[in-house]
Colleague: 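Pasting a structure below so you can have a look.
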Amino acid sequence: MTATDYPTALALWQATEGMGLGAADSAANVAAFLARNPGLSVVAEQAGRLVGTALCGHDARRGTIYHLAVAAQFRGAGTGRALVDWCLAGLRRHGLTRCHIIVLAHNEKGRRFWAHLGFKEYNEVTLCSYDLT
Ligand SMILES: CC(C)(COP(=O)(O)OP(=O)(O)OC[C@H]1O[C@@H](n2cnc3c(N)ncnc32)[C@H](O)[C@@H]1OP(=O)(O)O)[C@@H](O)C(=O)NCCC(=O)NCCS
């Protein structure tokens, strides 16, 4: 994925159920994320059209995948798994040993997908955030 993919990626994210979008997803922020994590994020294309995305980065200790999405009409064909595999392979190359994801609790289908791929849920952990603005 490169910064030029942003407009079509954003359109996919906006059309995707279970996708939490916010100020962090501006074009400038996504471009900065890609620049900090070169080669780790990926798009899937079908006939030149963007049909899937995965943002992936790390902080040297843990990797994280964000915004895994496959356009509805292209699901069930292995694209989601291929995007995740790409991200995990990149994190392994960088020496990472664990990858986190954040899934909205009510996204049951998404949670089942991650579980199917071997991601373990930690129900005893609560995500806390502090607004810096
Ligand atoms: C989740 C999502 C990315 C899956 O994409 P996809 O291209 O349909 O997935 P794949 O075809 O690669 O499926 C990979 C495997 O997961 C399984 N799978 C897919 N969706 C599943 C689900 N909801 N529950 C359980 N297993 C599921 C497939 O059967 C397949 O199994 P296999 O490889 O062992 O045969 C897609 O449904 C999507 O974009 N959902 C909306 C956004 C979302 O919820 N993202 C994840 C949370 S952040």
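Throughout, numbering of the chain's residues begins at 1 and tracks the sequence. For ligands, and for the atoms within them, numbers begin at 1 and follow the listed sequence. None of the values given here were measured: they were computed from a predicted structure.
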Colleague: In the structure I gave you, are the side-chain heavy atoms of His67 and Asp25 within less than 4.5 Å of one another anywhere?
Modeller: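 Sidechains of Asp25 and His67: in contact.
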Colleague: Under a strict 4.0 Å criterion on non-hydrogen atoms, which protein residues are in contact with ligand 1?
Modeller: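 Lining ligand 1 at under 4.0 Å, by heavy atoms, one finds Thr16, Glu17, Leu68, Ala69, Val70, Arg75, Gly76, Ala77, Gly78, Thr79, Gly80, Arg81, Asn107, Lys109, Gly110, Arg112, Phe113, Trp114, His116, Leu117.
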Colleague: Name every donor-acceptor pair, under 3.5 Å, that has one atom in a side chain of residues 118-133 and the other anywhere in the protein, sequence neighbours excluded.
Modeller:
residue : atom : partner : partner atom : Å
Glu121  : OE1  : Arg111  : NH2          : 3.0
Glu121  : OE2  : Arg111  : NE           : 2.8

Colleague: Kindly indicate whether the side chain of Ile65, heavy atoms from C-beta on, has any atom under 4.5 Å from the side chain of Leu88.
Modeller: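 Yes, their side chains come closer than 4.5 Å.
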Colleague: Using salt bridge (Lys or Arg N to Asp or Glu O under 4.0 Å) as the criterion, list what pairs up with Arg75, not counting sequence neighbours.
Modeller: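 Arg75: salt bridge (Lys or Arg N to Asp or Glu O under 4.0 Å) contacts with Glu17.
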Colleague: Show every side chain to side chain donor-acceptor pair (under 3.5 Å) that has at least one partner inside residues 76-91, sequence neighbours left out.
Modeller: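 Counting only pairs at least two positions apart or across chains, no side chain to side chain donor-acceptor pair (under 3.5 Å) contact touches residues 76-91.
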Colleague: How many angstroms lie between atom CG of Leu96 and atom SG of Cys56, to the nearest 0.5 angstrom?
Modeller: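 Leu96 CG to Cys56 SG: 8.0 Å, rounded to 0.5 Å.
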